[in-house]
> 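Here it is: the structure, laid out below.
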Amino acid sequence: MHVDGYMEGKINTEKTLIISRSGRVKGEIIADKVIINGLFEGECYANHVEILPHGKAQGTIHSDELSIERGGHFIGESQPTTEDQVVKLQQHEAKAELSNEKASKKDSSAS
């Protein structure tokens, strides 16, 4: 996923989220990898986070792999995390939702 404009709210992806130099994100991010070259404000849960030279992040980053390149800025707090809190949790939730949908279809076809 690539953000070039302004986005506010919750972003949830199992892949890489890139906030470009012109991108602005305010809210919560849950992703496998986050690359920040624009502005981010909020809470981020990711396996890998990179703040590039034009990137500015403010808030809390939950990641075991955080890198900040020369010129990048980070104001806030970083916390360690486990994969279960990031991507695997999403996969588990998706499987649970799929199971619930199948059960609902069986119930409705039995009626």
Side-chain angles (χ1 to χ4, degrees):
M1 178 181 262
H2 204 266
V3 177
D4 292 319
Y6 179 77
M7 186 166 191
E8 188 171 337
K10 184 175 182 177
I11 299 173
N12 194 337
T13 181
E14 293 180 8
K15 299 186 179 190
T16 300
L17 171 69
I18 300 170
I19 302 172
S20 72
R21 193 170 177 180
S22 62
R24 311 285 183 264
V25 174
K26 183 176 183 177
E28 182 181 57
I29 295 174
I30 300 171
D32 178 47
K33 183 174 185 178
V34 177
I35 300 172
I36 303 168
N37 203 29
L39 297 176
F40 168 71
E41 182 181 337
E43 196 151 2
C44 176
Y45 298 86
N47 292 317
H48 312 278
V49 176
E50 293 179 34
I51 301 174
L52 301 181
H54 296 283
K56 292 180 174 54
Q58 183 174 351
T60 305
I61 295 177
H62 300 268
S63 180
D64 289 331
E65 293 187 33
L66 170 62
S67 66
I68 304 171
E69 291 187 14
R70 179 178 285 213
H73 298 277
F74 174 50
I75 299 171
E77 163 180 27
S78 65
Q79 297 286 329
T81 189
T82 65
E83 288 183 26
D84 290 341
Q85 290 176 305
V86 186
V87 175
K88 287 187 178 181
L89 176 62
Q90 296 169 21
Q91 293 170 347
H92 176 65
E93 289 174 350
K95 287 179 185 177
E97 287 178 18
L98 185 59
S99 296
N100 289 339
E101 287 176 17
K102 286 181 182 178
S104 295
K105 287 180 183 178
K106 284 181 183 178
D107 290 342
S108 62
S109 63
S111 304

> Between H62 and E43, is any pair of side-chain heavy atoms under 4.5 Å apart?
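Yes, close enough: below the 4.5 Å cut-off.
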
> Look at E8 together with K26 and state whether they make a salt bridge at an N to O cut-off of under 4.0 Å.
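Result for this pair is no, no salt bridge flagged.
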
> Name the residue from T16, T13, N47 that meets the side chain to side chain donor-acceptor pair (under 3.5 Å) definition with D32.
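By the side chain to side chain donor-acceptor pair (under 3.5 Å) criterion, D32 pairs with just one of T16, T13, N47: N47.
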
> If we check side-chain contact (heavy atoms from CB on, under 4.5 Å) with I11, which of these qualifies: I19, V25, I30?
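Answer to the side-chain contact (heavy atoms from CB on, under 4.5 Å) test with I11 among I19, V25, I30: V25.
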
> Between A57 and I51, which heavy-atom pair has the shortest distance, and what is it?
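Of all heavy-atom pairs spanning A57 and I51, the closest is CB-CD1, 3.8 Å.
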
> Would you give the length of the straight line joining atom CG of D4 to atom OG of S22, rounded to the nearest 0.5 angstrom?
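One finds 4.5 Å between CG of D4 and OG of S22.
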
> Measuring only between side-chain heavy atoms, which start at C-beta, is E77 closer than 4.5 Å to Q79?
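Side chain of E77 against side chain of Q79, heavy atoms only: contact under 4.5 Å found.
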
> Verify side chain to side chain contact (heavy atoms under 4.5 Å, CB included) between K56 and L39, making sure each step is shown before the conclusion.
CA-CA 5 Å; K56 292 180 174 54; L39 297 176; 3.3 Å; yes

> Using the side-chain contact (heavy atoms from CB on, under 4.5 Å) criterion, which residues pair with L52? Sequence neighbours excluded.
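side-chain contact (heavy atoms from CB on, under 4.5 Å) list for L52, sorted by chain: I35, N37, E50, E69.
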
> If two hydrophobic side chains count as joined below 4.5 Å and joins carry through other members, does Y6 share a cluster with F40?
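No.
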
> Is I29 linked to M7 within one hydrophobic cluster, defined over Ile, Leu, Val, Met, Phe, Trp and Tyr using a side-chain heavy-atom separation of less than 4.5 Å?
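Yes, I29 connects to M7 through the hydrophobic network.
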
> Can you give me the closest heavy-atom contact between H2 and S20, atom names plus distance?
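H2 and S20 have their closest heavy atoms at CE1-CB, 3.7 Å.
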
